[in-house]
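Values below: all heavy atoms of this structure, side chains included; hydrogens, waters and symmetry mates excluded.
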Amino acid sequence: MKNILIIFILILGLQISAKAQKLEAEVFLQQTVMGLQKGYSVRTVSDFGLRYGVFFQSNNHFSFKEGQSNYPYAGIDLSYPISKCGKVKLYANLKSGLVDYKFLAVSPEIESNIDITRFLSIGVGSGLRARKAAVSCKVIFKPF
C-alpha cells in the first residue's frame, strides 16, 4: 500500500510539474529557536507566480534521523506573490509539515528575493517557528 501511495504522489507531481512554467530548487539556512537549521526545497512556479512544493530541514547534515538536537521538519511549502518591482519580489510563505515525525507545525513567513541572473536568486526571510522569531537566507536555482 505504501508503494502505491508513493507512485501515485510521484505521478501526480509529474503531472503538476508538466503544466507548470518553471521548476525551482533552493538551499537555505534558518535560525530558529531549535538552533541553526539547514534545508532544501523543490517547487514549481505557476504562470501567476504561485510557488508550491516540498521542503526538508534539520539541524544535522540533512538527516532524517531522530534525536534530541536534530528536529527534522518536512512538509509542503506554499508561496504567494505579494509584490514585484524589477528584480525584487516579495512573497508570503506558509510551511506546513511534521516535526520529529510526530507534531504538525505551521510556519508563516515573509520573504524577499532578488534575481541575480536568470538562473539564480538570493533571498532573505523572517517568520515564526514554535511561536518564536525565525530568520532565513536562501539561494534559489532556476534551471529552466
Side-chain angles (χ1 to χ4, degrees), residues 2-3 5-67 69-130 132-144:
K2 182 179 178 182
N3 291 337
L5 182 61
I6 290 171
I7 291 170
F8 175 74
I9 291 171
L10 287 174
I11 290 171
L12 182 64
L14 288 173
Q15 181 181 6
I16 291 170
S17 296
K19 293 180 182 178
Q21 288 293 317
K22 299 174 189 152
L23 184 66
E24 291 182 350
E26 79 176 17
V27 292
F28 59 90
L29 294 172
Q30 186 175 42
Q31 180 65 44
T32 67
V33 69
M34 288 92 175
L36 184 64
Q37 294 197 318
K38 301 164 271 307
Y40 55 88
S41 77
V42 177
R43 60 183 169 227
T44 58
V45 182
S46 70
D47 289 335
F48 173 68
L50 184 69
R51 304 180 310 176
Y52 48 93
V54 295
F55 74 95
F56 175 77
Q57 70 187 65
S58 72
N59 289 15
N60 295 332
H61 313 292
F62 300 123
S63 171
F64 285 100
K65 192 175 177 183
E66 291 183 44
S69 62
N70 197 23
Y71 302 109
Y73 182 29
I76 58 173
D77 182 10
L78 179 65
S79 298
Y80 183 80
I82 297 174
S83 180
K84 178 181 177 182
C85 182
K87 294 183 176 191
V88 179
K89 298 172 190 151
L90 188 65
Y91 291 96
N93 291 354
L94 187 65
K95 287 183 178 178
S96 178
L98 294 176
V99 176
D100 283 338
Y101 311 107
K102 298 174 188 169
F103 308 105
L104 179 65
V106 178
S107 303
E109 297 178 359
I110 194 87
E111 176 185 330
S112 178
N113 291 347
I114 300 171
D115 293 334
I116 303 299
T117 67
R118 193 175 116 197
F119 303 107
L120 183 69
S121 296
I122 58 171
V124 294
S126 64
L128 291 176
R129 176 89 189 273
K132 301 288 184 190
V135 294
S136 62
C137 60
K138 305 174 180 198
V139 177
I140 303 158
F141 304 98
K142 302 179 260 187
F144 303 108

Show, in sequence, the C-alpha distance, side-chain angles and deciding distance for V54 and D77, and conclude whether the side chain to side chain contact (heavy atoms under 4.5 Å, CB included) test is met. CA-CA 6 Å; V54 295; D77 182 10; over 6 Å; no

Checking side chain to side chain contact (heavy atoms under 4.5 Å, CB included) for the pair L50/V45: CA distance, chi angles, key distance, verdict? CA-CA 6 Å; L50 184 69; V45 182; over 6 Å; no

**OP:** For Y73 and S107, run side chain to side chain donor-acceptor pair (under 3.5 Å): C-alpha distance rounded to whole Å, both residues' side-chain angles, the deciding distance at 0.1 Å, then the answer.
**Re:** CA-CA 11 Å; Y73 182 29; S107 303; 3.1 Å; yes

* Given the rule in the side chain to side chain contact (heavy atoms under 4.5 Å, CB included) test, do K89 and D115 qualify, once you have shown the distances and angles that lead to the verdict? -> CA-CA 8 Å; K89 298 172 190 151; D115 293 334; 3.2 Å; yes

Evaluate N93 against L78 for side chain to side chain contact (heavy atoms under 4.5 Å, CB included), listing each step before the verdict. CA-CA 6 Å; N93 291 354; L78 179 65; over 6 Å; no

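Residue A134 comes nearest to R129 through the heavy atom pair CB-CB, 4.1 Å, listed as atom of the first residue, atom of the second, then distance. I116 and K87 get closest at one heavy-atom pair: O-NZ, 4.5 Å. Contact between S58 and P72 at its shortest, heavy atoms only, is CB-CA, 3.8 Å. Between F56 and F28, the shortest heavy-atom contact is O-CZ, 4.2 Å.
Relative orientation of the Y80 and F48 rings is tilted, given thresholds of 30° and 60° on the angle between their planes.
Once rounded to the nearest 0.5 Å, the distance linking CG of L94 with OG of S79 reads 9.0 Å. Rounding to the nearest 0.5 Å gives a distance of 9.0 Å between CD1 of I122 and CG of N113. Here L120 contributes atom CG and I114 contributes atom CD1; the two are 11.5 Å apart, rounded to the nearest 0.5 Å. Note that CD of Q31 and OG of S136 are 11.0 Å apart. Values are rounded to the nearest 0.5 Å. Rounding to the nearest 0.5 Å places CD1 of I110 at 7.5 Å from OG of S126. Taken from CG in L128 to NZ in K132, the straight-line distance is 10.5 Å, to the nearest 0.5 Å.
Between the side chain of N59 and the backbone N or O of M34, at least one donor-acceptor pair lies under 3.5 Å.
Using modelled atom types and a 3.5 Å distance limit, the side chains of Q37 and Q30 yield no donor-acceptor pair. For Y91 and S112, the side-chain atoms include no donor-acceptor pair closer than 3.5 Å. Remark: the K142 side chain and the S121 side chain contain an N/O donor-acceptor pair separated by less than 3.5 Å.
Remark: K95 is positioned above the aromatic ring of F55, its terminal NZ or CZ atom under 6.0 angstrom from the ring centre and at most 45 degrees off the axis.
In this structure R51 satisfies the salt bridge (Lys or Arg N to Asp or Glu O under 4.0 Å) test together with E24, E111, sequence neighbours excluded.
Here the side chains of D100 and Y71 are in contact, with some heavy-atom distance below 4.5 Å.
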